[in-house]
Amino acid sequence: MASLVSSPFTLPNSKVEHLSSISQKHYFLHSFLPKKLNQTLKLSSPKFKCAAIGNGLFTQTTPEVRRIVPEKSEGLPTVKVVYVVLEAQYQSSLTAAVQSLNKNGKYASFEVVGYLVEELRDENTYKTFCKDIEDANIFIGSLIFVEELALKVKAAVEKERERLDAVLVFPSMPEVMRLNKLGTFSMSQLGQSKSPIFQLFKKNKSSAGFADSMLKLVRTLPKVLKYLPSDKAQDARMYILSLQFWLGGSPDNLGNFLKMISGSYVPALKGTKIEYSDPVLYLDSGIWHPLAPRMYDDVKEYLNWYATRRDANEQLKSPNAPVIGLVLQRSHIVTGDESHYVAVIMELEARGAKVIPILAGGLDFSGPVERYFIDPITKKPMVNSVVSLTGFALVGGPARQDHPRAVEALMKLDVPYIVALPLVFQTTEEWLNSTLGLHPIQVALQVALPELDGGMEPIVFAGRDPRTGKSHALHKRVEQLCTRAIKWAELKRKTKLEKKLAITVFSFPPDKGNVGTAAYLNVFASIYSVLKDLKSDGYKVEGLPETAEALIEDIIHDKEAQFNSPNLNISYKMGVREYQSLTPYATALEENWGKPPGNLNSDGENLLVYGKQYGNVFIGVQPTFGYEGDPMRLLFSKSASPHHGFAAYYSFVEKIFKADAVLHFGTHGSLEFMPGKQVGMSDVCYPDSLIGNIPNVYYYAANNPSEATIAKRRSYANTISYLTPPAENAGLYKGLKQLSELISSYQSLKDTGRGPQIVSSIISTARQCNLDKDVDLPEEGVEISAKERDLVVGKVYSKIMEIESRLLPCGLHVIGEPPSAMEAVATLVNIAALDRPEDGISSLPSILAETVGREIEDIYRGSDKGILRDVELLRQITDASRGAITAFVERTTNKKGQVVDVADKLTSILGFGINEPWVQYLSNTKFYRADREKLRVLFQFLGECLKLVVADNELGSLKQALEGKYVEPGPGGDPIRNPKVLPTGKNIHALDPQAIPTTAAMQSAKVVVDRLLERQKVDNGGKYPETVALVLWGTDNIKTYGESLAQVLWMIGVRPVADTFGRVNRVETVSLEELGRPRIDVVVNCSGVFRDLFINQMNLLDRAVKMVAELDEPEDQNYVRKHALEQAKTLGVEVREAASRIFSNASGSYSSNINLAVENSSWNDEKQLQDMYLSRKSFAFDSDAPGAGMTEKRKIFEMALSTAEATFQNLDSSEISLTDVSHYFDSDPTNLVQNLRKDGKKPNAYIADTTTANAQVRTLSETVRLDARTKLLNPKWYEGMLSSGYEGVREIEKRLTNTVGWSATSGQVDNWVYEEANTTFIQDEQMLNRLMNTNPNSFRKLVQTFLEANGRGYWETSAENIERLRQLYSEVEDKIEGIDR
């Protein structure tokens, strides 16, 4: 192959004069760019102290495979060259060059040794490197972009720079570039000097980055050279030529490069005339095929050659063959390291697909993609799908990616876009043995960044040989990649009528009342709306029932229910032999589940697939994990494989039903959480085996980008976001409403004689509403002064306002039914409540507060303290905000409540000052003097947001995906914090993991930590807590750009430091003086999702904690050190190991399983739940051996937890609160800590609530009460849910079950919560019948949960209540049995 590559594409006349014109334009810089990217990747790389043994690292190769020592030859001088590169593809090329120079042995013998930059993390390798530099003649460095490693290289080379004959550094971080030295040419002033050359290196405003500066350098140098003295000009010219040679990359180019440099700069060779040829330049971009006679610059010519190929069969030449576009990296082809590319091309052709492989040397592939993949005349794509084999973002460099530019090019192309990965920093063996899978730096650069372009399916298709450094294809993975690429291409080519779609719904926990579970989504109504739409669009959908309710009946009720079947409709019975022949990995499941068919999803002989077929659409029910009901299995620290029924379901979908695509419906199923590597699946990872070759489209809640990202990376999903239901304010009801009426009469009458009387009514009503737990109420009948009366009323008022203004998602979302404008008002009010300084937008409350001469922050503080005046003022501000926004929305909607063209309406509104609806509204309030200009800016922004909230693209995007088109990517997160999440219907992505925590997140974190510590001091006799146990979630850190991550850093007293490219990979300590308090010890439980997405940050945290533990500070000022020393002594380990504080699950496992145990009532006592937590969550991350993955350190985990005096979690968005999902109590260690503590004292449990502009730290029990009052017991919420019918009953039952979860893990639920719930749902006959008739299965679970709460001692109630519940339980049992027989 190498010979093929080297000659055919040379440019005719490569004299140096031409270089300036040709190469600078295009050819020249390009081969390094992509690689450079990688480098950047590394940027983010976790930095380690390498005190650990080398094998704890990801990269375990050694430089010895790149060392060439010549045989001693008489009289010839030896030239020693040391090089450091990012990737190994230069290794084989350079080795060949040196061997051929030594064979000809004319002028000198060359001794060469090379290092991959990642290898320098290892202490011993670094020492060898420093030794090699001491007697080297020439040092070459290229693409050194990882800050900590760049500093190591700089330290070693700087010492020897004067002595070295030549130092050549090609694009790298400025610190390393300054080492360059060729005779008189140097870059030591890089970034400081006034000379034009160095000006280029200054980071320009757009930070277009290094590559462009280098290109400019090469363009401008020839002009600059004219003015320099001749030897200086000569040296600068040599540098440019060296760069040309290096980027040429072939053995010939590199050989000539070594001849040129040693002949000109090595003293022993001075005066010897060494002949060398000019650099051979390659085409910058074009179409390359291993069998083609040359590279093509024109698609038509390439396709003409393709049509005349003798080796190709007719199928391949036929106009109906699928066409796959490939994007390749030029440097691999130039250096002859292209066997993995050839394998992919051959595999695709063997499967009957035509291939158009294009390459570009630069950072920007968007040009070549448009040039070679889109027909210039029809503007239609010439390919059916595109696979990038580079692993990089489409447009980008180490310094900055231009995602909008990439998205624009891909939207024009409009075909599925897959980004596959070659291993860069690991050898094949290292990757196969790693539980983490891909190296974290490669994940950050080559998985996270392409996702921002809308790239999918990060399949590892090539490995690396540890000896030669060359890439080789991984054949099983290449097959998977090629089959999937063709499957996506088929969606573009098949007609709608022949396409088959498998819609998959979830049932969790397994029960008939739970079929079709998904967060915030009315699943069956949505499926119904999707099917109607697909039918009218030409898909073959047959026998669809009249209503969504009838659809539920169809799927749930099997007329001939069999023993042990959950009575769902059986769509297919799969015999054991058929199952084994269709499922190649079936034997691997036997270790956990025994021989098939097993007893899950089976009738004892066959495996059962539940669901129903409607023409070409199959609606199936995904089986569950299978171990949720078995307390023993829940205790295993590593999760079990999927069971036979689970595997049979996917074998059926792919091989019997033969689906063209599977649509997973809603957040979320269990496929993507099955065991396997975290990222970069191998053939034995279950998510990869299960999804097989089926394109996976996945409807995912827009506010859950972290789990959506797991679905993308582990099950290759094209995730399409759906909106969470429109939010409303919780409002007041029953006694709470009465209280607010009493308070307003108190305000008007407090100075008359009736004041004291009204206050005593307020106090007794507040007691009836159980507010005495949240507010200190004076004893009844005690005389209190007027000032105290105001304070009591103020505190009750403040609590009521907090309940009233809490945001609730009302009801459930239906795909394809966007909210009406008026439903969007509460969302807009909350969007308007946040300051957005980066966009120059002030929040509405702050604009209104200014008009009465106050700061909004002061009013928030005063209101929290219960100062009556401030509570009242805050209420007026809230009312005015709602009024002004309602007035604005009314003006932009028509009579039907739809938003008409906001833009036109806005122009007419914004044209005249006086009739702006918000100004008109405010003119009748005390805020009539509000700043017009600030209001106008804010409302223009709100107008944009309104358009996005009501836009509807969820069905549209699904149809695009099913037609094999490109789905536009967009961030996931909280639409209130980040309106860019809207409109929904986008392919969700997370963020660049190296970008967090941001400075703003650090600011917010300080506020929360200070409030938390203040609160704890008050509750703890004025003492700081020595240890806080807290949880890090993936989604929270994406939504808040790392706020909770930053809280941990601030507790231990360190701050993040960004490098030249704004990436956070280091921390520095904050002095105790500046901190003003002791350093608080932490025990961090990272969710499995956080671990998968933010391994770099886990590294950062672990390094930070260990750094703090080693500080020489008094123990009463540094609790991290205090505890680490005690634990090290007790356990007999090093302090660094004792300071392990960053814990999570074992790789490939998720959650503590307490949620599964509670949801399925499969636990005996609290001790059992605590054992689950300890066995599942005691895996520590070690920054000294990051490649080792998560290792079990249960003793340290228990000892660290036993010092905790407070537990802490964050709530970051209004849709998800403590009882909405089971994740929160699943990771709550409150009762566990009490059992581990020597004094048996229960820690204080706190929840930080940053869902509104007024951030709060509340106790866990306050938050549970607030949640119960605003959701479970609030008519507005439960009626909203019941309006969704079947699914609504389940939502109510789920809230009660999660409340029991909190009782079990923390004991912080008040008795009245259960009592009131019983009054609301059981004692009200009418309500009881509605629940029983709408979803009897979920109602049965509700009754069971009440009985369980009582039986476990969480709820004390009258004997009559319990009797009534038992009676109901048997009634509903009979009813269910009756239905199913």
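Since this is a predicted model, take the numbers as computed values, not measurements.
The line from CG of Leu521 to CZ of Phe665 is 6.0 Å long, rounded to the nearest 0.5 Å. Note that SG of Cys810 is 4.0 Å distant from CD of Glu728, once rounded to the nearest 0.5 Å. Rounding to the nearest 0.5 angstrom, the gap separating the OH atom in Tyr528 from the OG1 atom in Thr547 is 6.0 Å. The line from OG of Ser385 to NZ of Lys492 is 10.0 Å long, rounded to the nearest 0.5 Å. Remark: Gln960 CD to Lys965 NZ distance equals 6.5 Å, nearest 0.5 Å.
Taking the side chain to side chain contact (heavy atoms under 4.5 Å, CB included) definition, one finds that Ser706 meets it with Asn704, Thr1035, Ile1038, Val1089, Leu1093, sequence neighbours left out. By the salt bridge (charged side-chain N to carboxylate O under 4.0 Å, His left out) test, Lys499 is found to be paired with no residue, residues two or more places apart in sequence or in another chain being considered. For Phe673, the ring-ring contact (aromatic ring centres under 6.0 Å, His included) test picks out His668, Tyr1150, with sequence neighbours left out. A search for side chain to side chain contact (heavy atoms under 4.5 Å, CB included) contacts involving Glu823 returns Pro726, Pro819, Ser820, not counting sequence neighbours.
No donor-acceptor contact under 3.5 angstrom links the side chains of Asn522 and Tyr1286, judged on distance only. Between the side chains of His403 and Glu408, no donor N or O sits under 3.5 Å from an acceptor N or O. In this model, no donor atom of one side chain and acceptor atom of the other lie less than 3.5 Å apart for Thr1219 and Arg1295. Side-chain contact annotation: Ser1338 with Glu1293, donor-acceptor N/O pair under 3.5 Å absent.
Electrostatic pairing of Glu672 and Arg713 does not count as a salt bridge here, judged by no charged N lying under 4.0 Å from a carboxylate O. Residues Asp688 and Arg714 are not paired through a salt bridge, judged by the lack of any N-O separation under 4.0 Å between the basic side chain and the carboxylate. Using a cutoff of 4.0 Å between basic side-chain nitrogens and carboxylate oxygens, Lys712 and Glu451 are not scored as salt-bridged.
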Counting only pairs under 3.5 Å, give me each side-chain donor-acceptor contact of residues 972-982, with atom names and distances, residues two or more places apart or in other chains.
unit_1, atom_1, unit_2, atom_2, d
Asp974, OD1, Ile976, N, 3.0
Arg977, NH2, Asp1212, O, 3.4
Arg977, NH2, Thr1250, O, 3.0
Arg977, NH2, Thr1250, OG1, 3.2
Asn978, OD1, Lys980, N, 3.1

I'd like a table of donor-acceptor pairs (distance under 3.5 Å, sequence neighbours excluded) in which one partner is a side-chain atom from residues 483-491, with atom names and distances.
unit_1, atom_1, unit_2, atom_2, d
Thr483, OG1, Glu479, O, 2.4
Arg484, NE, Glu457, OE1, 2.7
Arg484, NE, Glu457, OE2, 3.4
Arg484, NH1, Gly692, O, 2.9
Arg484, NH1, Ile694, O, 3.1
Arg484, NH2, Glu457, OE2, 3.0
Arg484, NH2, Ile694, O, 3.0
Trp488, NE1, Glu457, OE2, 2.7
Glu490, OE1, Arg493, NH1, 3.2
Glu490, OE2, Arg493, NH1, 3.1

For the pair Glu1159 and Ser1222, evaluate side chain to side chain donor-acceptor pair (under 3.5 Å) and give the outcome as yes or no after the intermediate values. CA-CA 8 Å; Glu1159 287 166 343; Ser1222 55; 3.2 Å; yes
Quick one, Thr1270 with Asn1274, criterion side chain to side chain donor-acceptor pair (under 3.5 Å). Give me CA distance, side-chain angles, the key distance, then yes/no. CA-CA 5 Å; Thr1270 50; Asn1274 182 356; over 6 Å; no
Start with the C-alpha distance between Gln622 and Thr504, add both sets of side-chain angles, then the distance that settles side chain to side chain donor-acceptor pair (under 3.5 Å), and finish with yes or no. CA-CA 6 Å; Gln622 184 188 63; Thr504 299; over 6 Å; no
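The cationic group of Lys500 lies under 6.0 Å from the six-membered ring centre of Phe657 and within 45° of the ring axis, placing it in a cation-pi geometry.
Between Phe941 and Ile831 there is a side-chain heavy-atom pair separated by less than 4.5 Å. Here the side chains of Leu501 and Asn616 are not in contact, with every heavy-atom distance at 4.5 Å or above.
Only one option out of Thr709, Asn987, Asn696 pairs with Thr719 in a side-chain hydrogen bond (donor to acceptor under 3.5 Å, both in side chains); it is Asn987. Of the residues Tyr716, Tyr700, Tyr698, Tyr649, the one that meets the ring pair (Phe, Tyr, Trp, His ring centres under 6.0 Å) test with His664 is Tyr698.
A 6.0 Å sphere centred on CZ of Phe373 holds more than 12 heavy atoms belonging to other residues, nucleotides or ligands. Shown here is Glu546, whose CD atom has no more than 12 heavy atoms of other residues, nucleotides or ligands within 6.0 Å.
Close placement of the Phe618 and Phe652 rings is indicated, their centers lying within 6.0 Å of each other. Ring-centre distance between Phe888 and Phe939: below the 6.0 Å cut-off.
Side-chain N or O atoms of Ser529 include one that pairs as donor or acceptor with a backbone N or O of Ile815 at under 3.5 Å.
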